[in-house]
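In what follows, chains carry the letters A, B, and so on, assigned in the order in which the sequence lines appear, proteins first and then strands, with residues in each chain numbered from 1.
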Amino acid sequence: MADVKENEPDMPNGGEKEETQSSENTMNQTIYVNNLNEKPSKKKLTEQLYSLFSPYGSILEIVAAKRQKMRGQAFIVFKDITSASNALREMNGFEFLGRPMSIQYAKSKSDAVSKLDGTYIEKKRERENDQDKKKAKKQQTKKPSTTAKPKAASTANAQAAPLQPREAPPNKILFVENLPEQCEEMMLNMLFSQFPGFQGISMTTAKKGVAFVEFDDDSKSAVAMTHLQGFKVTPEKPMVISFAAQ
DNA sequence: AGCACA
């Protein structure tokens, strides 16, 4: 297994420029994307977003609406929060259909998620009014017993955490990310073709720094993955390898 | 700019 040091002190500055943090929202498995091109139809846009974001993990749902208030925006509901985190990190500011996407965590939980939790309420009949609760139950100690979701022990860590391979069932196709922009198919070929069962590379035209590598079967791809995981093409960019999503 | 889902 990979030894990961979780407690090493972070360097205050990695030389990265800190731009205005657009996402001060708390972590959410749903990401809110805006500044999208408003020309394509809702269906078309949703399709594009699916193919763009599915490499980061299973997508439960994509919600986009056509109303004036909602156009140019979309909600990508991931199955895992780490997928959302990775997608946000990687794709924020990425130029999509001629415009740089802006991505934040969604402010609230998606219905698709609530339905899986069992906490879904049919209509917006129930508004949580804190006023009422405070007045009625002043001294009541609220004890989350049943459906208490495990609160992230460190809420701030995940967003600052470096890109990590995502969890996915074995697949003969590997998803490689965090590649430097100057990385070309040729050099990936040289790296991966040394492992048995290598079939080929396919770089997505949509996004640089990402590639798919295919092997004969998932045992062969697993070998290559363990050997090349974290391999640094350049000192700043260790490649992150996962099994491709179905 | 703009945080929804019936």
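- Between the P atom of B/dC3 and the CD atom of A/Q29 lies a distance of 20 Å, rounded to the nearest Å.
- In summary, the aromatic rings of A/Y56 and A/F78 are positioned with their centroids too far apart to meet the 6.0 Å limit.
- Side-chain N or O atoms of A/S221 include none that pairs as donor or acceptor with a backbone N or O of A/L174 at under 3.5 Å.
- Distance NZ (A/K109) to P (B/dA4): 16 Å, rounded to an integer number of Å.
- In terms of polar N and O atoms assigned as donor or acceptor, the side chain of A/T30 never comes within less than 3.5 Å of the base of B/dA4 in a complementary pairing.
- The CG atom of A/L36 lies 8.5 Å from the CZ atom of A/R99; values are rounded to the nearest 0.5 Å.
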Listing, residues 231-240 of chain A side-chain donor-acceptor contacts under 3.5 Å, not counting sequence neighbours, or none:
residue : atom : partner : partner atom : Å
A/T234  : OG1  : A/E236  : OE1          : 3.4

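- Distance from the side chain of A/Y120 is smallest to B/dA6 among B/dG2, B/dA4, B/dA6.
- In this structure, CE of A/M70 is placed 5 Å from P of B/dA4, rounded to the nearest angstrom.
- Look at CD on A/E122: it is 20 Å from P on B/dA4, rounded to the nearest Å.
- Of the side-chain N and O atoms in A/K107, none sit less than 4.0 angstrom from OP1 or OP2 of B/dA4.
- Each of A/K115 and A/A106 was assigned the nucleotide of DNA chain B with the nearest heavy atom; the assignment lying further toward the 5' end belongs to A/A106.
- One can place CE of A/M101 at 17 Å from C1' of B/dG2, the figure rounded to the nearest angstrom.
- We find that CD1 of A/I31 is positioned 17 Å from P of B/dA4, with the value rounded to whole Å.
- What separates CZ of A/R99 from P of B/dG2 is a distance of 16 Å, to the nearest Å.
- A straight line from CZ of A/F75 to P of B/dG2 spans 13 Å, rounded to a whole angstrom.
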